[in-house]
Student: 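Quick one: the structure is below, questions incoming.
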Amino acid sequence: MIVGKDKRERVSRARGEHTRELILEAASEIIRNEGLHACTQRAVAAELDISPGTVTWHFRMLDDLHDAVVRNAIDSFKAQTLKWFIESTSEAPEVQLTEFLFWTLQQHTRLLREYELFVAAVSRPRLRESAMHWVRTHSLILQDHFGLNAEQADAVVAYTDAWLLRSLLSDGAEKPDITMTELIFITIMKAHSSD
C-alpha cells in the first residue's frame, strides 16, 4: 500500500510541476505579446483554460508569478548569452563585447519586455531582488568569460544597459558608435590590468 501511495504522490507532484511550467509559459507569452500590465492571474487562467484558483494555488500573489517569470527570463538570458559568447568568432574581448551589444540591440521586442520587468521592479520591492540577480548574472558571465574583476564587469554591464535603454527609448533610432564602444571597453579592461 505504501508503494502505491508514494507513486500517486510522485504523479501528483509531476502534474503540479507541469501545471506550474504551463502557467509560467503562458505568463511569459502574455508579457511578451501584451506587456506586464496584461499579465494577471485571471489572464493566465483564461489563456490556459483553467480556473484562476489553480494559478493562485501555484502563485499566491501576482508578484510571485511575475518574480518566477523574471527568474525564468534570467535563465534564458544566461543560456543565450553564454551560447553567444561561446559561438563568437572574434578574438579581441572589446570586439566581442561590442558585437554582443549590437546583437542584443537587434532584439527590440525581447528587450522591451525585459526592461518592462526591470521598471516594474522599481515600484514593486518583491521584484527588486530578481532584477538585481539579472544584473549580477550578466556581470558574473563577463567575469567568467573574460577574467574580469567585479568592478570592471559591472562597468561593462552599466555601459551596455545604458545603451540598451537608450535604444529602447528612441525606438531603435539611437545606437552607440562602434569605435567609441570598443575604446570604452578597452579602457575598462586596462583599468583592470593596472590593479
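Computed over heavy atoms, backbone and side chain alike; hydrogens, waters and symmetry mates excluded.
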Student: Side chain to side chain contact (heavy atoms under 4.5 Å, CB included) with L140: which residues, sequence neighbours excluded?
Tutor: Q143
Student: Can you sort out the partners of W84 under side chain to side chain contact (heavy atoms under 4.5 Å, CB included), two or more places apart, ordered by chain and number?
Tutor: S88, E99, F100, W103
Student: Applying salt bridge (Lys or Arg N to Asp or Glu O under 4.0 Å), name anything that partners E21, two or more places apart in sequence or on another chain.
Tutor: none
Student: In the structure I gave you, are the side-chain heavy atoms of T54 and S51 within less than 4.5 Å of one another anywhere?
Tutor: yes
Student: Check whether any side-chain heavy atom of E116 sits under 4.5 Å from a side-chain heavy atom of L111, and report yes or no.
Tutor: no
Student: Which residues pass the side-chain hydrogen bond (donor to acceptor under 3.5 Å, both in side chains) test with H145, not counting sequence neighbours?
Tutor: Q96
Student: Counting only pairs under 3.5 Å, give me each side-chain donor-acceptor contact of residues 34-42, with atom names and distances, residues two or more places apart or in other chains.
Tutor:
| residue | atom | partner | partner atom | Å |
| --- | --- | --- | --- | --- |
| T40 | OG1 | A43 | N | 3.0 |
| Q41 | NE2 | F59 | O | 2.7 |

Student: With sequence neighbours excluded, tell me which residues meet salt bridge (Lys or Arg N to Asp or Glu O under 4.0 Å) with D161.
Tutor: none
Student: Could I get the full list of salt bridge (Lys or Arg N to Asp or Glu O under 4.0 Å) partners for E91, not counting sequence neighbours?
Tutor: none
Student: Going by side-chain hydrogen bond (donor to acceptor under 3.5 Å, both in side chains), name the residues that satisfy it together with R124, two or more places apart in sequence or in a different chain.
Tutor: D63, H66
Student: Can you name the residues that form a side-chain hydrogen bond (donor to acceptor under 3.5 Å, both in side chains) with T181, not counting sequence neighbours?
Tutor: Y159
Student: Tell me every residue that passes side chain to side chain contact (heavy atoms under 4.5 Å, CB included) with R71, counting only those two or more places apart in sequence or in another chain.
Tutor: D67, E129, S130, H133
Student: Please list, one pair per line, the donor and acceptor atoms closer than 3.5 Å that link side chains of residues 167-175 to other protein atoms, with sequence neighbours excluded.
Tutor:
| residue | atom | partner | partner atom | Å |
| --- | --- | --- | --- | --- |
| S170 | OG | R166 | O | 3.2 |
| S170 | OG | S167 | O | 3.2 |
| S170 | OG | A173 | N | 3.3 |
| S170 | OG | E174 | N | 2.9 |
| D171 | OD1 | H108 | NE2 | 3.3 |
| E174 | OE1 | R166 | NE | 2.4 |
| E174 | OE1 | R166 | NH2 | 2.9 |
| K175 | NZ | G172 | O | 2.8 |

Student: Considering residues at least two apart in sequence or located in another chain, which fulfil the side-chain hydrogen bond (donor to acceptor under 3.5 Å, both in side chains) criterion with Q106?
Tutor: none
